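Step one of this worksheet: look at the structure below.
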2 protein chains.
Amino acid sequence: MEELKDLLNQRNLKATPARLQILSLVQNYDGAVPFGEIQSHLGELDRTTIFRTINALLQNGLIHKTQFGNAETYFAMCPKTCSEQGHQHQHVHFKCTNCEVVSCEDLSSNPRIEIPNFQIDKVDIILTGVCNRCLVVQVSVN
Amino acid sequence: MEELKDLLNQRNLKATPARLQILSLVQNYDGAVPFGEIQSHLGELDRTTIFRTINALLQNGLIHKTQFGNAETYFAMCPKTCSEQGHQHQHVHFKCTNCEVVSCEDLSSNPRIEIPNFQIDKVDIILTGVCNRCLVVQVSVN
DNA sequence: TAATTAAATGCAACATTGTTGCACTTGGAA
DNA sequence: TTCCAAGTGCAACAATGTTGCATTTAATTA
């Protein structure tokens with residue numbers, strides 16, 4: 001908890017209960033946290049505060065977000081390569097259709113994403129399928 | 001217009017004014033159409049009808065949608081490989097930060113998207129940058 | 001340790017996107 | 001022309017997200 005406090009202060013963010021609670025939830029969650037989960041775990045906080053807290057953490061490179069279609073937004077911790085200057089992620093986002101867990105994953109090899117005569121500044125890869133844990137269960141059941 | 005009507009009837013959808021108008025707008029728009037654009041071009045239609053019409057076209061493989069972060073949803077025509085059985089797109093979605101146009105584009109080469117021990121069913125690649133047209137303008141201005 | 005203040009929070013009000021139920025209307029086939 | 005399943009409009013609702021303003025608080029400093 002003291003680490004999270006330092007992390008916030010390093011970014012010139014006050015270590016308030018709201019921020020510590022949300023950061024701690026995101027850090028300890030199995031995979032990326034759906035927005036609804038943040039809301040229900042922090043029901044005593046005003047919704048506005050939750051939104052503003054999330055935005056502060058996003059802008060300062062402590063967490064990042066991803067979305068699957070129109071559905072819920074998910075939040076996960078950032079690697080140390082992120083800062084208030086911007087986000088730098090190499091990973092992709094994966095949602096398992098079996099256990100519903102959303103996670104940050106590394107690809108086997110980094111793909112070359114190019115379109116002729118276009119300048120590409122940001123790449124976002126969103127995958128759906130079955131995760132390693134659920135595949136193992138399926139195999140062992142059969 | 002007669003083609004669009006046939007297209008709808010082939011999918012067992014009635015060729016109603018709402019559907020013809022939305023399909024026609026999506027077909028003739030420069031790039032993918034933002035939702036707000038559909039709404040403002042079809043202001044005389046009830047919002048519910050717009051949502052239901054869009055959903056019908058999505059489910060029947062006539063159009064597809066994409067999103068950039070929390071921002072607006074965009075709609076574009078589907079290739080003929082899509083049907084009520086499901087969508088089959090090879091293309092990626094690109095948003096130009098200069099002209100704001102969102103478009104479906106093909107990559108130079110199809111990347112191999114793999115995560116060890118995961119089964120990947122659906123790949124969604126969302127790119128941001130500067131499109132070919134805006135790059136040309138920048139070059140000719142300098 | 002108390003005072004100070006910029007930053008953070010809570011509350012109220014609002015806007016947009018999206019859904020559902022139900023009554024009414026209509027496209028397309030017989 | 002008739003018919004009816006499919007489509008539409010309306011009302012009500014729910015969730016996400018934003019803004020302005022008054023109040024509270026974390027962290028500094030005296």
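Worth knowing before you read on, the calculation uses all heavy atoms, side chains too, and leaves out hydrogens, waters and symmetry mates. Each chain gets a letter, A, B and so on, in the order its sequence line appears, and its residues count up from 1. Predicted model only: the values in this text are computed from it and were never measured.
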With sugar-phosphate meaning primed atoms plus P, OP1 and OP2, does B:R47 contact a base, only sugar-phosphate, or nothing at under 4.0 Å between heavy atoms?
base
Flag the pair B:K95 and B:E100 as a salt bridge only when some basic side-chain nitrogen lies within less than 4.0 angstrom of an acidic carboxylate oxygen.
no
Between B:L20 (CG) and C:dG27 (C1'), how many Å, whole number?
11 Å
For B:A18, answer base if it contacts any base atom (sugar-phosphate contacts may also be present), sugar-phosphate if it contacts only those atoms, and nothing otherwise; contact means non-hydrogen atoms under 4.0 Å.
sugar-phosphate
Do any side-chain nitrogens or oxygens of B:N55 fall under 4.0 Å of OP1 or OP2 in C:dT19?
yes
Which part of the nucleic acid, if any, lies within contact of A:A15, taking any heavy atom under 4.0 Å across all strands shown: a base, the sugar-phosphate backbone alone, or nothing?
sugar-phosphate
So what does A:Q67 touch, heavy atoms closer than 4.0 Å: a base, only the sugar-phosphate, or nothing?
nothing
Counting any heavy atom closer than 4.0 Å, what does A:E44 reach on the DNA or RNA strands: base, sugar-phosphate only, or nothing?
nothing
Any donor-acceptor pair, under 3.5 Å, between the side chain of B:R52 and the base of C:dG18, if you only look at N and O atoms?
no
Distance in angstrom units between B:D46 CG and C:dC24 P, rounded:
16 Å
Do A:S103 and A:E105 have a side chain donor and acceptor closer than 3.5 Å?
yes
Relative to the 5' end of DNA chain C, which residue comes earlier, B:T16 or B:G36, by the nucleotide with the nearest heavy atom?
B:G36
Whole angstrom is fine here: how far is it from CG in B:L58 over to C1' in C:dT17?
15 Å
Carboxylate-amine/guanidinium contact B:D30 B:R133, below 4.0 Å:
yes
Of the nucleotides C:dG27, D:dT19, C:dA8, which has the atom closest to the A:K14 side chain?
C:dA8
Ranking A:T53 and A:T48 by the position along DNA chain C of their nearest nucleotide, the one closer to 5' is A:T53
Whole Å only: how far is the CG atom of A:L13 from the C1' atom of D:dT25?
15 Å
Measure the spacing between CG of B:L62 and CD1 of B:I54 and express it to the nearest 0.5 Å.
13.0 Å
CD of B:E72 versus P of D:dT16: gap in Å, rounded?
19 Å
Quick check, are the ring centers of B:F51 and B:F35 under 6.0 angstrom apart?
yes
